[in-house]
2 protein chains.
Amino acid sequence: MPNICLTFSTSHPAEKIHQALTRLEGLKAWWTHDVHGHSGEGQILTFTFSNNGSFDMQVIRNNGNQVCWKCIRGPEDWLGTHIEFNIQETPAHNQLMFRHTGWAEENPFFHHCSTKWATFLLSLRDYVETGQGRPFPNDVKIEAIGM
Amino acid sequence: MPNICLTFSTSHPAEKIHQALTRLEGLKAWWTHDVHGHSGEGQILTFTFSNNGSFDMQVIRNNGNQVCWKCIRGPEDWLGTHIEFNIQETPAHNQLMFRHTGWAEENPFFHHCSTKWATFLLSLRDYVETGQGRPFPNDVKIEAIGM
């Protein structure tokens, strides 16, 4: 099955990345301003993008350097897919490995989401490094219709 | 085999995208400032990123809305892979579908290149829309070591 695979590295602390993935104020600072729920394992996080849709993510793993969500409500292409964040610490820097796995096919929405995830990961990186990300609705648009 | 799949759309003319993919001055404006060669089918384009490497791409297709290159010299992971640009014209906008196909595995370099391609496609989009891209060495860096 096709997977979206992305990465960035930063000299900033791994703990800051982890907080940005597990605290509501962190998630609101780089993905979408509208986040509700709880980030403990087994709990549900809800991400809303105004009229563009809403996702429920069940937290499958939250154990420090590994965070994994399973989409249990959202667009059909996302249902059952997993979103994995793996922070790899080295003496020189911290590498975030990102995977959105389990897509059924490499359709146009796969292309769209792959590109959008890249912009959101750089939003996450910027938030970790500067305190300022670009979450929805101030996200980097990649489509002529403003998505 | 894993593939990198990305996209953007723009209300600007498809011809501008095509020129940015086939003219040396276009390629220099969004991917790397150092481009040599010829973009006709069967010919070779050479892209150089200072000390970070150099690629030879054989032009497999250049027929208007489809441009395809095959990597015939470069990093081992890229050898034999194909890079495809497909411009889909609609009345409302033009969609660029991008694929870098034929990777052997989803290794860290696959993650790196997927993210870098996203930044370069947005550089291409910005060049098409504003005349100003972000080619190497002024490209968006995604790694702590400045790549």
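Side chains are part of it too, since the values below use all heavy atoms of this structure and drop only hydrogens, waters and symmetry mates. Here is how names work: the chains are called A, B, and so on, in the same order as the sequence lines, proteins then strands, and each is numbered from 1.
Remark: A:Tyr127 pairs with no residue by the ring-ring contact (aromatic ring centres under 6.0 Å, His included) rule, at least two apart or across chains.
Ring geometry for B:Trp31 versus B:Phe120: interplanar angle over 60°, hence perpendicular rather than tilted (30 to 60°). Ring geometry for B:His112 versus B:Phe109: interplanar angle under 30°, hence parallel rather than tilted (30 to 60°).
Residues of residues 4-11 of chain A lying under 4.5 angstrom from chain B, judged on non-hydrogen atoms, are A:Cys5, A:Leu6, A:Thr7, A:Phe8, A:Ser9, A:Thr10, A:Ser11 by number. Applying a 4.5 Å heavy-atom cutoff, the residues of residues 91-104 of chain A that approach chain B are A:His93, A:Gln95, A:Met97, A:Phe98, A:Arg99. Within residues 133-147 of chain A, the residues that have a heavy atom under 4.5 Å from a heavy atom of chain B are A:Val140, A:Lys141, A:Ile142, A:Glu143, A:Ala144, listed by number.
Atoms CH2 and NZ, on A:Trp78 and A:Lys70 in that order, are 15.0 Å from each other to the nearest 0.5 Å. A distance of 10.5 Å separates SG of B:Cys68 from CG of B:Asn62, quoted to the nearest 0.5 Å. From B:Leu124, atom CG reaches atom NZ of B:Lys16 across 12.0 Å, with rounding to the nearest 0.5 Å. Note that CG of A:Leu27 is 11.0 Å distant from CZ of A:Arg23, once rounded to the nearest 0.5 Å.
Follow the hydrophobic side-chain contacts under 4.5 Å out from A:Leu24 and you reach A:Val59 in the same cluster. Both A:Leu21 and A:Phe49 are part of a single hydrophobic cluster, where members link through side-chain heavy atoms under 4.5 Å apart. B:Trp69 and B:Leu121 fall within the same hydrophobic cluster, defined by Ile, Leu, Val, Met, Phe, Trp and Tyr side-chain heavy atoms under 4.5 Å apart, directly or through other members.
Counting heavy-atom pairs closer than 4.5 Å to chain B, the top-ranked of the candidates A:Glu129, A:Gln88, A:Glu106 is A:Glu106.
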Inset, instruction - Show the numbers, then the answer: is there a side-chain contact (heavy atoms from CB on, under 4.5 Å) between B:Arg73 and B:Thr46? - result: CA-CA 9 Å; B:Arg73 187 180 63 83; B:Thr46 299; 3.9 Å; yes
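Inspection of the B:Thr22 and B:Ser39 side chains reveals no N or O donor paired with an N or O acceptor under 3.5 Å. Donor-acceptor pairing under 3.5 Å is recorded for the side chains of A:Asn107 and A:Asp77.
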